[in-house]
Each structure stands twice: as structure tokens, then as C-alpha cells.
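Notes to accompany the following structure.
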Amino acid sequence: MVTVTDEQLLKQCNALADDITLLELYADAAEEQVEVDTNCKLSELATVTQGESGSVTSYPRKITLAVLTLVSHWYRNREAFSTMEVKEVPKTYNTLIASFRDYSKPYRS
């Protein structure tokens, strides 16, 4: 998990600290999904700057928000489907990552 912090995960999901292990699992999976959907490694999207305490890696805000969107969706919808309705990934996620998609490379799954 490199794009988001534990504090961001807890706030996004309005979760208790007891759930942090589950949220970190979701965040790792969300970052993998962003890599698949953008066809780019997260390291390719990162910006590294030199600060007083060493190098600092940051990611575009859209990527951070996309990860948080997926995590909160998965956290709130833990079953694949329910008898009431199917819960799809919010359109917001696709909108956030669309500009990062690298069409010049073969698609990875």
C-alpha cells in the first residue's frame, strides 16, 4: 500500500481502527486494480522529489482518490451481489483513472 495512508482509509470508509487490516488488504488490491486498469505500474505514475528528510514519493490526487473509491466500495459491498441489487464499481473510479490509461502498451490483465 503506497498511495494512501491508514488515516485516509479510516476516514474514507468511516471505519473503526479495528478494521485497518481489512482496509489495508483492500487498498493493496485496489492499487493492483489501478495498475491493471491504467496499464501502468504505480511507480510510473509517481513523482519523486527531494525533501529535507530524503526523497518523497507522491501520486496524482486522482490515483489516490481512485484507490480510496475502490476501497470504500469494496468495504461497503463485501458480497459479490445481494438479492436486492447488484452494486457495481462507481463510475467515479473509471472517470478518475481514464486519463492515466496507457494505450501504447499491450493490455495486462
Side-chain angles (χ1 to χ4, degrees):
M1 184 176 75
V2 295
T3 60
V4 295
T5 65
D6 287 352
E7 182 180 340
Q8 289 172 315
L9 291 171
L10 291 169
K11 284 183 180 179
Q12 175 72 15
C13 297
N14 196 25
L16 299 174
D18 293 348
D19 287 340
I20 197 61
T21 302
L22 177 62
L23 293 173
E24 288 172 345
L25 175 65
Y26 287 154
D28 288 337
E31 288 176 348
E32 289 176 14
Q33 190 61 48
V34 167
E35 286 183 337
V36 168
D37 293 339
T38 60
N39 207 23
C40 294
K41 292 283 188 190
L42 288 174
S43 58
E44 296 172 29
L45 302 173
T47 303
V48 179
T49 55
Q50 292 299 324
E52 293 178 11
S53 59
S55 63
V56 176
T57 303
S58 60
Y59 296 87
R61 289 180 293 232
K62 287 182 179 181
I63 295 298
T64 300
L65 187 54
V67 169
L68 290 170
T69 299
L70 274 183
V71 169
S72 63
H73 175 73
W74 291 339
Y75 181 73
R76 290 184 180 105
N77 303 288
R78 298 180 194 189
E79 303 297 324
F81 64 91
S82 70
T83 56
M84 302 298 282
E85 63 184 286
V86 175
K87 301 271 187 171
E88 296 183 22
V89 174
K91 185 177 180 186
T92 304
Y93 169 77
N94 292 322
T95 302
L96 290 167
I97 65 164
S99 62
F100 297 98
R101 175 77 168 99
D102 186 349
Y103 293 97
S104 66
K105 299 182 212 170
Y107 187 71
R108 306 182 344 227
S109 57

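Quantities reported herein were computed from a predicted structural model and do not represent experimental measurements. Atom set for the values below is all heavy atoms of this structure, side chains included, hydrogens, waters and symmetry mates excluded.
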Check: Ile20 and Leu10 side chains under 4.5 Å, non-hydrogen atoms: yes
Contact check, side chains of Asp37 and Arg101, non-hydrogen atoms, under 4.5 Å: no
Side-chain (Glu31) to main-chain (Val2) donor-acceptor, under 3.5 angstrom: yes
Other cluster members, Leu65 - Ile/Leu/Val/Met/Phe/Trp/Tyr, side-chain contacts below 4.5 Å: Leu96
All pairs passing side chain to side chain donor-acceptor pair (under 3.5 Å) where residues 13-26 contributes a residue, at least two apart: Asp19-Tyr75
Atom of Ile97, atom of Ala66 and distance for their closest heavy-atom approach: CG2-CB, 3.6 Å
Separation of His73 NE2 from Arg78 CZ (nearest 0.5 Å): 12.5 Å
Partners passing side chain to side chain contact (heavy atoms under 4.5 Å, CB included) against Asn94 (at least two apart in sequence or in another chain): none
Sub-4.5 Å side-chain heavy-atom contact between Cys40 and Lys105: yes
Salt bridge (Lys or Arg N to Asp or Glu O under 4.0 Å) contacts touching residues 2-14 (sequence neighbours left out): Glu7-Lys11
Residue pairs passing the side chain to side chain donor-acceptor pair (under 3.5 Å) test where at least one lies in residues 55-72, sequence neighbours excluded: Gln12-Ser72
Heavy-atom pair of closest approach, residues Thr5 and Gln8: N-OE1, 2.8 Å
Counterpart residues, side-chain hydrogen bond (donor to acceptor under 3.5 Å, both in side chains), relative to Gln50 (two or more places apart): none
Residues which pass side chain to side chain contact (heavy atoms under 4.5 Å, CB included) with Glu52, listed by chain and number, not counting sequence neighbours: none
Flag side-chain contact, heavy atom, 4.5 Å: Gln33 against Tyr93: yes
Criterion side chain to side chain contact (heavy atoms under 4.5 Å, CB included) against Val71, the qualifying member of Val4, Asp28, Leu23: Leu23
Partner residues of Asp102 under the side-chain hydrogen bond (donor to acceptor under 3.5 Å, both in side chains) criterion, sequence neighbours left out: Ser104
